[in-house]
> 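After the structure tokens below, expect a handful of questions from me.
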Amino acid sequence: MSFNHQQIEKKWQSYWEENKTFKTNTFSEKEKFYALDMFPYPSGVGLHVGHPEGYTATDILSRMKRMQGYEVMHPMGWDAFGLPAEQYAIDTGNSPAEFTAKNIATFKRQIKELGFSYDWDREINTTDPNYYKWTQWIFIKLYEKGLAYIDEVPVNWCPALGTVLANEEVIDGVSERGGHPVIRKPMKQWMLKITAYADRLLEDLEELDWPESLKEMQRNWIGRSEGAEVTFKIDGHNEEFTVFTTRPDTLFGATYAVLAPEHPFVKKIVSDAQKEAVDNYLHEVETKSDLERTDLAKDKTGVFTGAYAINPVNNEKMPIWVADYVLMSYGTGAIMAVPAHDERDYEFATKFELPIIEVVAGGDVTTEAYTGDGKHVNSDFLNGLDKTEAISKMIAWLEEKGVGEKKVTYRLRDWLFARQRYWGEPIPVIHWEDGSMTTVPEEELPLVLPEMKEIKPSGTGESPLANNIEWVNVVDPKTGMKGRRETNTMPQWAGSCWYFLRYIDPDNTEKLADPEALEKWLPIDIYIGGAEHAVLHLLYARFWHKFLYDIEVVPTKEPFTKLFNQGMILGEGNEKMSKSKGNVVNPDDIVFSHGADTLRLYEMFMGPLDASVAWSTNGLDGARRFLDRVWRLIVNEEDGTLAAKIIDGDNSDLDKVYHETVKKVTEDFENLHFNTGISQLMVFVNEGYKADSLPKAFIEGFVKMLSPVAPHLAEELWEKLGHTSTITYETWPAYDESKLVEDEIEVVLQVMGKVRSKINIAKDASKEELEKVALEDETLQKWLEGKTIRKVIVVPGKLVNVVAN
RNA sequence: GCGGGUGUGGCGGAAUUGGCAGACGCGCUAGACUUAGGAUCUAGUAUCUUCGGAUGUGGGGGUUCGACUCCCUUCACCCGCACCA
């Protein structure tokens, strides 16, 4: 008979719930530990086996930290706005709110059945008006500080969804959800000025304990580059344009200029002779999707505009071309082309037979672009200088002449913050009939999303809210002026930018959260979630946090001190789990058949937390087998009492393995090496089976160490061991360093670096002693026969290596 | 193409600073118990072998008394970015 997981798990889940075992005391005297999971979007399909991986990791840490005397904040909530609920509403006519509530209920049940130690009194939901009141409040603050603005930008307009999509929601030119075609269309949009924080977002990465790869991704995303802006006059026009370059030192080698097809000057400067060619080219580019533009990138295209720019350093005339290898969205949308020292310009110049002038020596510009460093040539006052010197001298020259300046640009762009959707936080802004615009007064927050009978696209590009005349139209009670509410809502990212703050003080009606509480609990000690949020969510959340820091709402510059990305759980065939492949494992089934403890244990034992490992039914069975073995070691199966082997006294045979286990498990869990920590628990159980007697103190220590991983089983065993209340706040075991080392240790004897023999010797034997004993060893002597000893290497406590030939 | 990472038994994976490669689990083999075993317990399990040993951490080379670990080179796979001036 093995243990009855269904009964035990239910019993302890009820116990924890009734006793509010995991309730966090906000102003506890204890040291704090804040363990955060990336809260899920409660989709209609329910929990995936991938979810519990990260959740179990943080739960293990939380449970261990509680036992180590910390006050632990370990909350859960719902990122519940989002397109699927809206799509569902449009398709079925049902309410997104009801649909979402139902999904949350399912998620909550599933998560509770896994035995995570969340403080459910802190549960938050981004769609709750009491929550999004503060999301709206933050928006108003951003607006007041000039960080939210309206701009007309080309957006991804999806006629089928009747909405605008963010770049990250467009995959290969079609919408991520639904796969509908997407076209580009200019539209008035709310933007957040994240670029104002670019430098700080970049610099402060240094101090974060995050995976290096992830920090690198953020650095690349921000894409800072230093250079200069240079202004070019246009020959025969009273206009000038500005280019950005990282190599102002090569200005003497600039032989032509290129404008992006979307550049406003293109149409102004084009000559009559070239007009038709340019128009055709622009039309061709417009009809290409982004994908096609990338695909065709291998072969550069472009057209001469007929206009010439004047190179400010030498007054040479440079033809201005239009080409789609220059992007409107980066820099100024215009470049000076230096074909001798830029690979793209070189390729273009070669194709269109434009001149190539070498200005940096060191390469062979007749065969390829030279991008390395070297002495400058053909460059007047820069001749003889190297790259760094030439760059600063040129910048100084440009600034002096007023035709350029030092400039930093970023790949990062401002954040498109408006969505033409119903199911999102309403943006608290009113547009008045006199053309002015105000935010909704703070005391009127939350601006509640109105319930609507029918949710359908307005057809105009506005959100379905535009259909709700009653809600949209407002009259100022004081002046009688008419106004119209903003119909755009916020993107899903908004609510997840600050949810970890609200957990700290979820019911506060006066403030986003009590500053004293924030002071105690920030920053977050560990944040675990999927790598898919490596850039966007984590960058946006850092941006908002820094803003809140600036307006003195939060006390820290960064929200997440330590972050870790869990890997993916793949299907048995080593492919991503998906409905279409039919290889999806449902956590409910596993909880039913094997139990939550087994699922938790298995997911932690599969491999390192950051690795992507295939699901294995055999492996799952193995995890259950281990828990059964633990049960049988401790419980007498005949009558359910404690096993007779468990004694009150000592068993010195188990001293070493027990103390080793305490040490390894403690350190491994702390470092998120759950697979190796669990393997050590297995080693202890194997030794326990071999032993004649099991000191009760060791068994209690073992059950405590098992409890973060398999909490239900551990509580049950703890009760069998004679305790009457939860194991949650029992003291985490300590180890005795002196028990780890034995007096006599095994030393390896090598000849020429190969192990030939082993001896047992006192652990503190001296070098001389070791050498002597080694050379006297019979087996070793056999190997040394007929050889001359050249050298003996002794590593005390480890090995003796004899070099002989 | 650029940036980051990973390559270890039949499989998932272990291995402080260079010091016994393969912990632990899965699978497999044998034995015990058993009416039975797809339960449980015990033992074994990298490869080759003339049973002395020899070889072995993607491939090739190097440093070292000694390399999974350090260096060079090469191949494969994964992730991110994709003309970023």
Side-chain angles (χ1 to χ4, degrees), chain A residues 1-2 211-221 223-225 227-228 243-248 250 258 260 290 293-294 296-298 300 323-327 329-338 341-345 347-348 409-413 531-532 534-535 565 567-568 574 601-602 605-608 610-623 625-626 628-629 632 637 664 667 673 675-686 689-690 746-758 782 790-795 797-804:
Chain A
M1 252 309 271
S2 58
E212 196 46 48
S213 63
L214 199 150
K215 290 207 254 183
E216 198 57 34
M217 273 192 243
Q218 292 220 341
R219 285 189 199 108
N220 292 339
W221 192 263
R224 183 180 200 273
S225 73
V243 305
F244 173 74
T245 176
T246 53
R247 295 292 304 273
T250 61
V258 185
D290 283 355
R293 249 172 106 159
T294 318
L296 296 171
K298 313 229 148 69
K300 296 217 167 13
D324 69 353
Y325 84 94
V326 173
L327 311 173
S329 53
Y330 185 76
T332 59
I335 63 157
M336 62 176 218
V338 185
H341 305 290
D342 182 283
E343 281 161 20
R344 297 150 302 181
D345 297 345
E347 195 191 321
F348 192 80
T409 47
Y410 302 93
R411 201 190 80 104
L412 180 70
R413 293 170 225 163
E532 64 273 22
V535 178
N565 289 128
M568 229 182 335
N574 241 309
L601 175 76
Y602 172 59
F605 186 64
M606 286 174 93
D610 57 355
S612 290
V613 181
W615 183 266
S616 151
T617 305
N618 280 331
L620 179 75
D621 290 341
R625 203 139 57 214
F626 170 67
D628 283 336
R629 256 167 87 77
R632 283 193 304 270
E637 298 204 64
K664 187 156 174 60
E667 291 173 357
H673 298 159
N675 56 330
T676 51
I678 289 165
S679 92
Q680 185 63 40
L681 291 173
M682 291 173 172
V683 169
F684 179 80
V685 170
N686 290 346
Y689 266 81
K690 287 173 200 160
E746 193 180 60
V747 167
V748 174
L749 306 184
Q750 300 180 328
V751 176
M752 299 300 288
K754 289 202 164 33
V755 181
R756 296 304 181 189
S757 179
K758 291 171 186 182
K782 214 171 71 193
R790 304 284 175 195
K791 202 174 170 186
V792 180
I793 291 134
V794 183
V795 183
K798 284 248 161 93
L799 59 82
V800 179
N801 185 15
V802 182
V803 186

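Convention: sequence-line order gives letters A, B, ...; per-chain numbering from 1.
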> Less than 4.5 Å apart, any side-chain heavy atom of A/Ile335 and any of A/Thr245?
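A side-chain contact is absent here, since even the closest heavy-atom pair is not under 4.5 Å.
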> Expressed as a whole number of Å, how far does the C1' atom of B/G19 sit from that of B/G31?
38 Å
> Pairing check on B/U17: which nucleotide meets the Watson-Crick or G-U wobble criteria with it, both distances under 3.5 Å?
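Here B/U17 is not engaged in any pair, so there is no nucleotide opposite it.
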> Could you tell me how far B/G27 sits from B/C72 if I compare only their C1' atoms? Round to whole Å.
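Taking atom C1' in both B/C72 and B/G27, they lie 40 Å apart.
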> Whole angstroms only, please: what is the CH2-C1' distance between A/Trp221 and B/G4?
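So the two atoms are 16 Å apart, to the nearest Å.
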> Using a 4.0 Å heavy-atom cut-off, write out nucleotides 18-29 of chain B from 5' to 3' as B (base contacted by protein), S (sugar-phosphate only) or - (no contact).
-BB--BBSSS--
> Distance check, P atoms only: B/U50 and B/A43, in whole angstrom units.
30 Å
> Show the nearest heavy-atom pair for residues A/Ala534 and A/Gln218, with the distance to one decimal.
O-NE2, 3.0 Å
> Can you see if the side chain of A/Arg411 gets near the phosphate of B/A82 - specifically, an N or O under 4.0 Å from OP1 or OP2?
yes
> Using the P atom in both, what is the distance from B/G62 to B/G56, to the nearest Å?
14 Å
> RNA chain B: A/Ala334 or A/Glu216, which has the more 5' nearest nucleotide?
A/Glu216
> Could you tell me the Watson-Crick or G-U partner of B/U35, where both distances fall under 3.5 Å? Say none if there is no partner.
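Pairing partner, where one exists within any strand: none, as none qualifies.
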> Roughly, in whole Å, what's the span from CG in A/Leu412 to P in B/A82?
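Atom CG in A/Leu412 sits about 12 Å away from atom P in B/A82.
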> How many Å lie between CG on A/Leu214 and C1' on B/C81, as a whole number?
14 Å
> Using a 4.0 Å heavy-atom cut-off across all strands, classify A/Thr409 as base, sugar-phosphate, or nothing.
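Contact class for A/Thr409: none.
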> Could you please name the partner base of B/C68, counting Watson-Crick and G-U wobble pairs only when both distances are under 3.5 Å?
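Its partner: none found.
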> So if I take every side-chain heavy atom of A/Tyr689 and compare against B/U40, B/A85, B/U42, which nucleotide ends up nearest?
B/U42
> In Watson-Crick or G-U wobble terms, both distances under 3.5 Å, what is the partner of B/U63?
none
> Round to a whole Å and report the spacing from CG of A/Asp610 to P of B/C79.
15 Å
> Using the C1' atom as the point on both nucleotides, what is the distance between B/G60 and B/G22, in whole Å?
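Looking at atom C1' only, B/G22 and B/G60 are 24 Å apart.
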> For A/Asp345 and A/Asp342, work out which heavy atoms get closest and say how close.
N-OD1, 3.0 Å
> How many whole angstroms separate atom CG of A/Asn565 from atom P of B/G5?
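Nearest whole value for this atom pair: 15 Å.
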> May I ask you to say what A/Arg756 touches in the nucleic acid, namely base, sugar-phosphate or nothing, with a heavy-atom cut-off under 4.0 Å?
sugar-phosphate
> In whole Å, what separates the P atom of B/C11 from that of B/G5?
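It comes out at 26 Å once rounded to the nearest Å.
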> In the strands shown, is B/C51 matched to any nucleotide by a Watson-Crick or G-U wobble pair with both distances under 3.5 Å, and which?
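Pair assignment: B/C51 / none.
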> With a 4.5 Å heavy-atom cut-off, do A/Val535 and A/Met217 have their side chains touching?
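Heavy-atom side-chain distance check passes, below 4.5 Å.
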> Would you mind calling B/G9 syn or anti? Take O4'-C1'-N9-C4 for purines or O4'-C1'-N1-C2 for pyrimidines, and syn is within 90° of 0.
syn
> I'd like to check the ring-ring contact (aromatic ring centres under 6.0 Å, His included) partners of A/Phe348; sequence neighbours left out, ordered by chain and number.
A/Tyr256, A/Trp321, A/Tyr325, A/Phe352
> Between A/Trp615 and A/Tyr602, is the ring centroid distance below 6.0 Å?
yes
> Could you please spell out the steps behind the side chain to side chain donor-acceptor pair (under 3.5 Å) verdict for A/Tyr330 and A/Ser225?
CA-CA 11 Å; A/Tyr330 185 76; A/Ser225 73; 2.9 Å; yes
> Between atom CD of A/Gln680 and atom NE2 of A/His673, what is the distance when rounded to the nearest 0.5 Å?
15.0 Å
> Partner of B/U6 by Watson-Crick or G-U wobble geometry, both contacts under 3.5 Å, or none?
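By the stated definition (distances under 3.5 Å), B/A76 pairs with B/U6.
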> Does B/G52 count as syn, meaning its glycosidic angle lies within 90° of 0, or as anti?
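The base of B/G52 is oriented syn (glycosidic angle within 90° of 0).
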> Are OP1 or OP2 of B/A85 and a side-chain N or O of A/Ser225 less than 4.0 angstrom apart?
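The answer is yes; a side-chain N or O of A/Ser225 sits under 4.0 Å from OP1 or OP2.
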> For A/Tyr410 and B/A85, what is the distance between atoms OH and P respectively, to the nearest whole Å?
13 Å
> Taking B/C68 as the reference, what is the distance to B/G7 when you measure between their C1' atoms (whole Å, please)?
11 Å
> In whole Å, measure the gap between the C1' atoms of B/U17 and B/C81 for me.
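Straight-line distance between the two C1' atoms is 36 Å.
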> Where each residue is assigned the nucleotide of RNA chain B containing its nearest heavy atom, which of A/Asp628 and A/Arg224 is assigned the position nearer the 5′ end?
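Taking each residue's closest nucleotide, the earlier one in sequence belongs to A/Asp628.
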> Take atom CE of A/Met606 and atom C1' of B/A14, then tell me their distance rounded to the nearest Å.
17 Å
> Using whole Å, what does the distance between atom P of nucleotide B/G1 and atom CD of A/Glu343 come to?
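Nearest whole value for this atom pair: 12 Å.
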> Is it true that, when you exclude A/Glu343 itself, more than 12 heavy atoms of the residues, nucleotides or ligands shown sit nearer than 6.0 Å to its CD?
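No - once you tally the heavy atoms of other residues, nucleotides and ligands closer than 6.0 Å, there are 12 at most.
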> Does B/U45 pair with anything, Watson-Crick or G-U wobble, both distances under 3.5 Å, and if so, with which nucleotide?
B/G27
> Tell me, please, which residues at least two apart from A/Phe605 pass ring-ring contact (aromatic ring centres under 6.0 Å, His included).
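Checked A/Phe605 against ring-ring contact (aromatic ring centres under 6.0 Å, His included); zero matches.
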